[in-house]
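Down below is the structure, laid out as structure tokens.
Just the heavy atoms: all of them, side chains too, but no hydrogens, waters or symmetry mates, feed the values below.
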Amino acid sequence: MPEDLVVDEINRNIYFTDSVRKHLAVCSLTGDACSVLVSDIEQPRAVAIHHNKRLVLYTDWGSKPAIAMVAMDGSNKKDLVSDGLVWPNGLAVDEILDRVYWSDAKKDTIESIHMDGSGRMVILDTVAKHPFSMAVFEDSLYWSDWEMQEIVSCNKFNGKDFKTLVKEAGIRPMGITLAHPLLIQSGPPSPCVDSPCSHVCLPKPLPSTEFTCACPSHLVLDSAGTACEDSSLTSTLLLSTSTHIYSLHPQTIGLTSHKAIGSIPSPGLLTSLAANSVDSMVYVVNRGAEQILAMDRETGSVNPVMYGDQFGAISYDPFSNNLFWVDVHKMSVVVHSLSSSANMVAVSSTSSPLSMVFVPEKNRLVVGENGKISIVQLGNPDVQEIVSYKLSSPGSLVYSAQADAVFIGDAASRAIYRWDWGTEEVVPVLENIGEVVSMAVKDGLLYWVEKSGTSLLWISIYNSELSWLPINSIASPNDLLHLSLSGQDASANNSVNMACITAHCSHLCFNEDTSGHTCSCPYGMSLSRDKMTCQEDCPDN
């Protein structure tokens, strides 16, 4: 939630604090983009600028209250005041006297200090009842007072001439600012005029006359340091509608960031989506044309993998090159080798599996059915079942390596549950929500979409504080929505066994848990003596 903002009219940027995302951020006034300047601020509140020194100041009233300052490009951060503070609320800069004024809403004081940290003094003590936002002009200080519900002023040198300027019943004044011809800021010439920065241009600290370019959180600077581009080291959240696939960047500040990366050929009805953490390949079920398609999200190429009307949920293991799919007719999970095109039933059930996800970190396939989830090791007939009356319709599964847990979206129960790996119990995470149809985990956040919904919703995997982003510009209530994660996942376990990548199995290959692999065969075939080649079974005489 944005708390306070200030405009740098010289360099054409706007700086603001956000108490939910806990950062100080900057946006170009042209609306091109935004970038995080300082992150991990416990309780950011007020923000102000010293134009002549190219400094941004902000208050933090967290467990270690402080008034901090940082260069306009985010460098050289340090505390100006770090003691004798409780709730530093309002902030104002007097560039003529080179002083900073602030209000403390807990101590009910207004204080001042030189920019070099000397000359700290109390202007008012206990007169201001709950000062919130501040401004300074000529010899006067101005602030909004929450408790008194008024805008007041006093002499900035000694606190005298205290007077109420605005008071209106039922109105609590919030942020205030001053507009006057004398306040039109002058300062060092901007190095950002006609800069080559593709997104945000920030002036370097004085005495430099140069600039630095900044990017939104999902992009990185190119080798020239001026253009922002996609990073191969970060994962991308994908959203599919009934006919299109988009990349989403919900944590990027500024205008909603989404990009169309592909569509399925007509007749199209996209009913399942599976990406992976290794490459740019995305697999989709096109129910409209009765096929599974492989799409490269970087090149846009689309190629058919399999044909049929039996495909339900799908999942992909990049370390064995196996694609898993639910056979809705035979109520089973089938594994399909993308290396050999061989198929084999991995799980048979008396009811149709509703969801599944392959977890490379655990080398296990997790399958959701009515009343239970099953943990399957391929090639091992013993299946672990986690039975729970809570699971009415577990239609979506996703694994979080950070939490070492499987999150379960249950549409019928209108809830999200959690199963911690190795335990026997399913516990609720969120209840009384919409019908969850798909989920994904990225950077410690659990994302999901709901049936007939046009919002992307998320919570932290560590708490249940709900956030959401409207996606009605790309999705309608009639769309079938699915989420997946594509590309490098920073939280993924890099010690995953990938022996199958270099194995020479003729048909199917399954990785062992730590090292090695096992070759396997489709129905009607068995392994020959070399343990790699499948051969036809001899018919009974």
Side-chain angles (χ1 to χ4, degrees), residues 33 198-199 215-224 226-250 252 256-307 311 313-325 336-341 358 360 438 440 442 447 456 471 473-475 479-490 492 496 498 500-502:
S198 62
H199 287 69
C215 297
S217 58
H218 66 286
L219 301 176
V220 295
L221 283 173
D222 63 3
S223 57
T226 57
C228 299
E229 59 185 14
D230 291 324
S231 171
S232 60
L233 301 178
T234 58
S235 57
T236 300
L237 184 66
L238 302 183
L239 168 77
S240 66
T241 64
S242 296
T243 55
H244 290 77
I245 300 175
Y246 299 88
S247 61
L248 292 181
H249 304 283
T252 295
T256 301
S257 182
H258 60 77
K259 178 182 177 182
I261 63 172
S263 60
I264 55 176
S266 182
L269 181 61
L270 202 158
T271 59
S272 192
L273 173 72
N276 73 93
S277 62
V278 172
D279 57 32
S280 58
M281 295 306 297
V282 181
Y283 300 93
V284 299
V285 174
N286 180 8
R287 186 68 59 82
E290 298 184 349
Q291 60 186 185
I292 294 179
L293 299 172
M295 174 185 294
D296 190 322
R297 69 179 180 91
E298 291 184 353
T299 66
S301 63
V302 180
N303 297 294
V305 175
M306 302 178 69
Y307 293 91
F311 306 121
I314 59 174
S315 186
Y316 175 64
D317 174 22
F319 302 109
S320 64
N321 203 27
N322 289 329
L323 182 69
F324 301 86
W325 50 275
H336 172 84
S337 170
L338 292 175
S339 301
S340 68
S341 298
F358 188 84
S438 187
K442 173 176 164 59
Y447 295 92
L456 175 71
I471 53 173
S473 62
I474 56 176
D479 274 313
L480 301 176
L481 302 180
H482 293 87
L483 296 173
S484 191
L485 198 64
S486 177
Q488 181 67 40
D489 184 0
V496 173
M498 54 184 74
C500 282
I501 299 299
T502 56

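With hydrogens and angles disregarded, no donor-acceptor distance shorter than 3.5 Å links the side chain of Asp317 to the backbone of Pro360. Between the side chain of His218 and the main chain of Asp230, no donor-acceptor pair closer than 3.5 Å is present. Put simply, the side chain of Ser272 gets close to the backbone of Ile314: a donor and an acceptor are under 3.5 Å apart. Panel note: side chain Lys442, backbone Ser235; a donor-acceptor pair is recorded below 3.5 Å. A donor-acceptor distance shorter than 3.5 angstrom exists from the side chain of Asn286 to the backbone of Pro267, with no hydrogens or angles considered. Checked by atom type and distance alone, the side chain of Ser438 pairs as donor or acceptor with a backbone atom of Leu483 at under 3.5 Å. Looking only at distances, a side-chain donor or acceptor of Arg287 sits under 3.5 Å from a matching main-chain atom of Phe311. Within the 3.5 Å criterion, the main-chain N or O of Leu480 finds a donor-acceptor partner in the side chain of Ser242.
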Task: Test side chain to side chain contact (heavy atoms under 4.5 Å, CB included) applied to Ile245 and Arg297, step by step - done: CA-CA 9 Å; Ile245 300 175; Arg297 69 179 180 91; over 6 Å; no
- [ ] Take Ser280 and Asp296, measure what side-chain hydrogen bond (donor to acceptor under 3.5 Å, both in side chains) needs, and give me the verdict at the end.
- [x] CA-CA 6 Å; Ser280 58; Asp296 190 322; 2.8 Å; yes
TODO: Starting from the C-alpha separation in whole Å, work towards a yes-or-no answer on side chain to side chain contact (heavy atoms under 4.5 Å, CB included) for Val220 and Glu229.
DONE: CA-CA 5 Å; Val220 295; Glu229 59 185 14; 4.2 Å; yes
TODO: Determine, step by step, whether Val282 and Leu238 satisfy the side chain to side chain contact (heavy atoms under 4.5 Å, CB included) criterion, reporting the C-alpha distance in whole Å, the side-chain angles of both residues, the deciding distance to 0.1 Å, and the verdict.
DONE: CA-CA 9 Å; Val282 181; Leu238 302 183; 3.6 Å; yes
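Relative orientation of the His258 and Tyr246 rings is perpendicular, given thresholds of 30° and 60° on the angle between their planes.
Looking only at side-chain heavy atoms (C-beta outward), Thr241 and Leu481 come within less than 4.5 Å of each other.
The structure places OH of Tyr316 at 6.0 Å from CG of Asp279, a figure rounded to the nearest 0.5 Å.
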